Amino acid sequence: VRILSLRKEPDLKVQRLIRNAAIVFGGLFVISLLLASPIKDWFVGRIIESGEKGTRLQPLHDYMSNMFLTDARLAFLFTAAVFGMAYAFIKGKLSGDLFAIAVAVLILIDLFRVNHRGETYTDNAQQENLFIKPDYIQAIENTGDRSLFRVLNLKQDGSIGSLNQNSNFLTYFLQYDIYGYSGIKPRAIQDYYDVLGSPANSTFWRMLNVKYIVFDQAINQPGLLPIYNGTNSFLYQNQNALPRAYFVNRVEKKPSLEILNMVKNNQFDPLDMVFTEKKITGIDQPDSTAFVNITSFEDERIEIDVIASGSNFLFLGDTYFPKGWSASIDGTETEIYRANHGFRGIVVPKGEHKIVFRYLPESFVISKYVALLLSTLTILGLILGLFFRKKQKNLATTG
């Protein structure tokens, strides 16, 4: 708006500033053309100095430096062009409409260029081959098992989905994978992987509801029942797997590192004992009448029907996170304890109850209502604006 007003209200100081900006950015564009190699070397040097050393990013250095140089050149060129056209407009050598259209075209070109950066064509047939259902997944589905369980692929043959090539492959087939990757995984889960060394641990399997385990060769281990043998896939059912939620016999306070090492060395039975950060007393051992049944399991809400034979401790083999999660028993909120270092547990009083775990962080609730309020005010502002504009037109007409 300020630039458009300069034709009617000339300001020599601003005109000179716009002209000089066009010259400076034009000069930077020419320099970027002449000094391509030094600029790229400088950029790669900054990458190395930032700590990205070794061979991990070496293959990307040329790609990254070329992208940086191209972006810099286009930024200088487009900026010089905009200031140049602005100066031409001020001097009356370019119409306002043409100036606005030219700037809009440059913006669209830059947005289109960035939006399509990195896109490559992949033949559809090759893409589909990446997601062919493995034989062991088909074997699990053929069991007709409708219960809640996790799967662990311990194959080491380099196939996609195997131990070292996991990449969350099993999630494509709607399977819960105990060893999937996430850049934002909770620290407690990483602690388990760091201490255990690998997920090949029978206590870990049992505690976290790992019901099906895949190997690339036949094994003979107590508690693992073979249910499928393929060319390179051997599927076993873990008969010692515990459900996702269950009552435990005893609760004991213990430091985190000690808990992790006890899991590593298979020194306790997760059904018999659970360890917490806080000391909890008055826990009764459940008897044969105790009952736990998960009726609904979703990312943000878990519903469980239970019958507690006394003051029983319920372990839920799902990630403990102190912010946002709440638990209620028959609608009354109860404390969630950090159980076995990285999971959840609550104390359930005697009797039949409905338990609900719910994820609803306060920040989300506040943001939702703030967004709703601002959207409402915006809509009301638009309505009032249209109303007053129409009213002013009517007054001008009648006047």
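Keep in mind that this is a model prediction, so the values were computed, not measured. Only this structure's heavy atoms are used, side chains among them; waters, hydrogens and symmetry mates stay out.
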Between the side chains of Arg206 and Asn240, is a donor N or O closer than 3.5 angstrom to an acceptor N or O?
no

In terms of hydrophobic clustering (I, L, V, M, F, W, Y; side-chain heavy atoms under 4.5 Å; direct or indirect links), are Phe43 and Ile31 co-clustered?
yes

Does the ring center of Phe25 lie less than 6.0 Å from the ring center of Phe78?
no

Is the Tyr212-Tyr228 ring centre distance short of 6.0 angstrom?
no

Rounded to the nearest 0.5 Å, what separates atom CG in Asp269 from atom CG in Leu242?
7.0 Å

Locate the shortest heavy-atom distance separating Phe173 from Ile132; write the atom from each residue and the value.
CZ-O, 3.9 Å

Show the nearest heavy-atom pair for residues Gly342 and Tyr192, with the distance to one decimal.
N-CE1, 4.4 Å

Do Leu154 and Pro199 have side-chain heavy atoms sitting under 4.5 Å apart?
yes

Test question: given the 4.5 Å side-chain rule for I, L, V, M, F, W and Y, name all other residues clustered with Phe297, or answer none.
Leu148, Tyr176, Phe247, Val292, Ile294, Ile302, Ile304, Val306, Leu314, Leu316, Tyr320, Phe321, Trp325, Ile329, Ile336, Ile346, Val348, Ile355, Phe357, Tyr359

Are a donor atom and an acceptor atom from the side chains of Lys40 and Asn66 found within less than 3.5 Å of each other?
yes

Nearest 0.5 Å, what's the CD1-OH distance between Ile160 and Tyr172?
7.0 Å

Are the charged groups of Lys211 and Asp145 less than 4.0 angstrom apart, N to O?
yes

Hydrophobic cluster membership, Phe387 vs Ile379, 4.5 Å side-chain cutoff
no

Side-chain ion pair, Lys354 and Asp305, N-O less than 4.0 Å
yes

Where the side chain of Thr171 meets the backbone of Asn168, is there a donor-acceptor pair that is under 3.5 Å apart?
yes

Please say whether more than 12 non-hydrogen atoms of neighbouring residues, nucleotides or ligands are located less than 6.0 Å from CZ in Arg358.
no

Spacing of Phe343 atom CZ and Arg244 atom CZ [to the nearest 0.5 Å]:
10.5 Å

Are Phe169 and Ile137 packed together at the side-chain level, in the sense that at least one heavy-atom pair is separated by less than 4.5 angstrom?
no

Using 4.0 Å as the upper bound for N to carboxylate O, is an ion pair formed by Asp318 and Arg301?
no

Once side-chain hydrogen bond (donor to acceptor under 3.5 Å, both in side chains) is applied, what residue pairs with a partner in residues 68-80 remain, sequence neighbours excluded?
Asp71-Arg113, Asp71-Arg117

Do you know which two heavy atoms are closest between Ala22 and Gly84, and how far apart they sit?
CB-N, 3.6 Å

Glu298 side chain near Glu303 side chain, heavy-atom distance below 4.5 Å:
no

For Asp191, enumerate each residue passing the salt bridge (charged side-chain N to carboxylate O under 4.0 Å, His left out) test, keeping only those at least two apart in sequence or located in another chain.
Arg187

Is Pro270 close to Thr203 at the side-chain level, that is, under 4.5 Å between some pair of heavy atoms?
yes

Below 3.5 Å, can you tabulate the donor-acceptor pairs from side chains in residues 213-226 to any protein atom, sequence neighbours excluded?
from	atom 1	to	atom 2	distance (Å)
Asp216	OD2	Gln156	N	2.8
Asp216	OD2	Asp157	N	3.4

Flag the pair Ile39 / Phe68 as yes when at least one side-chain heavy-atom distance between them is below 4.5 Å, and no otherwise.
yes

State yes or no: do Val82 and Leu111 share one hydrophobic cluster built from I, L, V, M, F, W and Y residues joined by side-chain heavy-atom distances below 4.5 Å, directly or via other members?
yes

Provide the closest heavy-atom pair for Gly345 versus Ala339 in the form atom of the first, atom of the second, distance.
N-CB, 4.1 Å

Could you tell me the separation between the CE atom of Met273 and the CZ atom of Phe313, rounded to the nearest 0.5 Å?
11.5 Å

How many angstroms lie between CD1 in Ile383 and CG in Leu386, if you round to the nearest 0.5 Å?
8.0 Å

Within a strict 4.5 Å, meaning less than it, do heavy atoms of the Met85 and Leu106 side chains meet?
yes

Should Met262 and Ile259 count as side-chain neighbours, where that means a heavy-atom distance under 4.5 Å?
no

Under 4.5 Å between side-chain heavy atoms, counting indirect links through other Ile/Leu/Val/Met/Phe/Trp/Tyr residues: same cluster for Phe112 and Met67 or not?
no

Starting at CD1 of Ile283, measure out to OG1 of Thr276 and round the result to the nearest 0.5 Å.
9.0 Å

With a 4.5 Å cut-off on side-chain heavy-atom distances among I, L, V, M, F, W and Y, is there a chain of contacts connecting Leu374 to Leu384?
no

Could you work out, with side-chain contact (heavy atoms from CB on, under 4.5 Å) as the rule, every residue matching Lys13, not counting sequence neighbours?
Asp11, Arg16

Give me each pair satisfying side-chain hydrogen bond (donor to acceptor under 3.5 Å, both in side chains) with a member in residues 248-262, each pair once, sequence neighbours excluded.
Asn249-Asp272, Arg250-Asp272, Glu252-Lys254, Lys254-Glu258, Ser256-His341

Do the non-hydrogen side-chain atoms of Pro286 and Tyr246 ever get within less than 4.5 Å of each other?
no

Donor-acceptor contact present, side-chain Asn229 to main-chain Phe234, <3.5 Å:
no

